[in-house]
Amino acid sequence: MPPYHAQKIEPKWQRYWDEHKTFATKDFVPGKPKIYVLDMFPYPSGAGLHVGHPEGYTATDIFCRFKRMRGVNVLHPMGWDAFGLPAEQYAVQTNTHPRITTQRNIDTFRRQIKALGFSYDWDREVDTTDPGYYRWTQWIFLQIFNTWYDPDFEWTDSQGNARMGKGRPIAELPIPADCDDANAYRDSRRLAYRAEVPVNWCPALGTVLANEEVQDGKSERGGHPVVRMPLKQWMLRITAYAERLIDDLDGLDWSPAIKDMQRNWVGRSEGAEVDFKVKQSGKYDNWRIQRQATKFPTGPEADVIRVFTTRPDTLFGATYMVLAPEHSLVDQITTPDHREAVTQYRESTARKSDMDRTDLGKTKTGVFTGAYAVNPVNGEPIPVWIADYVLMGYGTGAIMAVPAHDERDFAFAKAFDLPIRAVLMPSDAWLLKQSGQKPGTGVDVAPLREAYRKNTGDSSQPFCDESSAINSHTHDLSLDGKLTQQAKESITHWLAEQGLGRKTIQYKLRDWLFSRQRYWGEPFPVVIDEQDRVHGLLPSDLPVLLPELDDFKPSGKPEPPLGKAVEWVRYSDTARRETNTMPQWAGSCWYYLRYIDPKNTERAWDPEKEKYWLPVDLYIGGAEHAVLHLLYSRFWHKVLFDHGQVHTAEPFQKLVNQGMILGETEYTAYRAGDGTWVSTEHVREVDGVPVDVRSKPPTPTQVVKLDEDEVTKKGDSFVRIDEPGIRVDARAHKMSKSRGNVINPDVVIAEYGADALRLYEMFMGPLEATKPWSMKGVEGVYRFLGRAWRMVVEFEAETLNLDPRVQDVEPTTEQAQLVARTVAAVTDDIEAMRFNTAISRLMEFVNSFTGQPVRPKSAMEAFVLLLSPFAPHLAEELWQILGHAGTLAYAPWPTFDPALLIDSEVDVPVQIGGKLKSRIRVPADVDSAALEAAAKADPKIAPLLEGKTIVKAVIIPGKLVNFVVK
RNA sequence: GCCGGCGUGGCGGAACAGGCAGACGCAACGGAUUUAAAAUCCGUUUCUGGGUAACCAGAGUGUGGGUUCGAUUCCCACCGCCGGCACCA
């Protein structure tokens, strides 16, 4: 041997770790702190691993290996999120059972992941499709099914916090005295319930999808069209936990971006519900009096429209109302002469997909119902319309429209010529802008204000901010002059007093649609009796195994394929099994809990182990799971928390999202039909085709990929080297099969080894950044590994032995300092997960030592230990060559004498007027006066100070000198 | 439109707490070694101007302003890119 030969070293150590179970984790190790480091487990797709997977996995692996060497008991497991659509789609296409393809894919993934040398405890591997696993997924479902949410329950949690609101056993649900069907009442309050709801049915996939899985009216997976239709489906009452899902984010160590995404998804808004009575007869006054006595009822009367608004302070500006076309009151209130138009409009919106309905660019549509409602603050009758810009699924499905102060209402009012009334005085800046004048030019705003007040908001724009109320008073109520916050409080109070409204909170979050019409998922552990009532099975009945089916194809109709397993479906003479299955998210909602006790056949996990290992201290994965997986998982965890099954309110304490790895940077130029080049500023993509916009009509251009040496930088952009007037696109794209820029980790490992791949992925840049791949970059770190090898090993020898320059001698002071500095820097960098700079430090170390004729063995050993989390195979091999037996995985992490970090002499920059003019070398502990004197005496500085007055001297010992002169 | 993040050499990036901008790597160029090449080793490499030269002068962290003795770092405005949400009342 031997030059550095990764292909020889790596399998050797992987086998060693496997055979010695080097990374098997023990529970409850006394005298050691614990850490639970988790990767988002992969969906084992048929395509195999891509380079994005090892990025996060390498980061956690480095962290874990480092922590083990620091004496920490580390839990670091891996498993498979293996239920789900792609396996089933593939199975349908090839007529293979999904179990077979899934097993095959798992085997490929395991092989690929093992080839990267990660330190997982493989004894804890989990597979969501294993009945020994999904048995407990079903068990958790039953916990949820047997829970109701009591928002007023006061309790103290296991961490000693006073809490309000708790998921409680369904048996504890109080049944109201006037309830004639206690079972139905219980079923209606469970956290898992069935409901006939309009769902996102995707005919191509043969299943319904959660709102979260539908993007722009198409399925997130595959981009198939989705239609709305009513179906009886399982729902999970995640909305009960909306407030806690927001509040508990505060204590988590997550990026602000992800926290914001979660907050926005839950979408909390504070406002008020207000009741408007439909004007039908002269009974309005009676109703008002009655309401003053009864106060605000839970549900409105049959002829009352309840709205939700975040701006009750603008109630005086409500000049019309809008109901969602699906609103149940529409039929009742529509007058005969408007019935036809209303019916027609409702039919046309029902046909529209969500995509069409939410297309923002389009002009607003709607029709008048002929009905009027009474504005409760001033008794004015206002027309009631229906329009599809009001959504049935949010709030009450009805709004009061305040066109002067809401963009949507404004656009609608303009379109249908409805009155606009200003009830807020806009800011001066807004008024000036409206009048076309610049602020600060001394224009008197008083006339503008007066005009706005009188014209009652009939300007070209609505004013949608907070400010002070105007035109808002009656004989017994006035908001005029009140600032928005005050006005809201005041009107809400008045409404409550009158029994007309109350303060409420609305969430964008909807209940989670939890059933799928597919084969490859967890069966529900419930049966349905002849009265269509659901009964949860007993834990002893679990698992409910998936029945064997010859034909698991979806029918294209909403009847699930499990219906074909006739024997399985028949539970008893009077009960049948549920034939829907759970969505893919189910298994990933709790896998982090199963890892702590993966082989337990008695329970999902041992509570003592849960107390020991939870929470997950570090969770790394892609940002694509920022909302769905993390929200669902947190929700399940909270239900389990309320049941005392877990002892932390949150599952994942620290979350890091690795950035995406893009393909290699590409230079793209465009050519017209006649072969002439078209500069990028003239090219725009229309329907996915790049066209030259200068010609009319625009003509398509041809895409030409250029080589790096065909382009050069000019100004801010790249241009063709032969024709610098032609700009070229220079950017890295997302890796995709169609683009042909996918990097296969197997290929990289075969050529450069796993250590080089690991090191490169960490060296590319910060973990969280999006960054382009570069094969040259891989070569760079590969060369570094080769240099590290040659620093220790005599590479021209026939046998493996130390380079003769590696000697058992004391390091020189300089060498000792470099070792100390490297240990200090690498330790800090790993702790802060700045792996790229840690690697730079290791490179500097090697660059320095390869130039030295004597390399103290102790320094080499320290280096090998520092390198080992990053390039474990190489490090183990070098450790052995340095004369150590066994693995270095638990060798103590190198320490250093802090005194070695301090230099006796330092270079101090000397500036004049903030500009660097010289550097002086002074003792590190020199005081201000001596430093100033030394700076003044410097041969470069002295002449520059000649004849000048020093106005100020900034002297920071050990850091800098700055003379301000005149 | 709203929310979040980011703009530093030819490229990926570094500068942790306002104090020497460009660490480390890639690419490029020059040299050594070699019959030659690969590999390896040494050196140069922000830009502009000047000098045979070690060097000198000026500019420079998206743009414009501000705070400060001093700003890549803090503040304001703008431009661009990326990610998320989007008629949520």
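All chains are named by letter (A, B, ...) in the order of the sequence lines, taking the proteins before the strands, and each is independently numbered beginning at 1.
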message = Salt bridge check, A:Glu243 against A:Arg268: does any charged N sit closer than 4.0 Å to a carboxylate O?
response = yes
query = Do A:Met400 and A:Ile382 have side-chain heavy atoms sitting under 4.5 Å apart?
reply = no
ask   = Can a donor-acceptor pair under 3.5 Å be found between the side-chain atoms of A:Lys776 and the base atoms of B:rC11?
value = no
Integer-rounded Å distance: B:rG12 P and A:Glu664 CD = 13 Å
request  = For A:Gly851 and for A:Gly765, find the nucleotide of RNA chain B with the closest heavy atom, then tell me which residue's nucleotide is more 5'.
outcome  = A:Gly765
message = With nearest nucleotide decided by heavy atoms, which residue, A:Asn847 or A:Arg311, maps closer to the 5′ end of RNA chain B?
response = A:Asn847
key: Consecutive-pair stems (at least three Watson-Crick or G-U pairs, under 3.5 Å) that include RNA chain B   = B:1-7 with B:79-85, B:10-12 with B:24-26, B:28-32 with B:40-44, B:46-50 with B:55-59, B:62-66 with B:74-78
message = Suppose we screen for side chain to side chain donor-acceptor pair (under 3.5 Å). Which residues come up paired with A:Thr837, at least two apart in sequence or across chains?
response = A:Asp829
key: Inter-nucleotide C1' distance (B:rC78, B:rC87), Å rounded   = 29 Å
task = Quote, to the nearest angstrom, the P distance that separates B:rA54 from B:rC47.
result = 16 Å
A:Phe763/A:Phe784 aromatic ring centres below 6.0 Å = no
query = Between A:Asp755 and A:Tyr782, do the side chains contain an N or O donor and an N or O acceptor separated by less than 3.5 Å?
reply = no
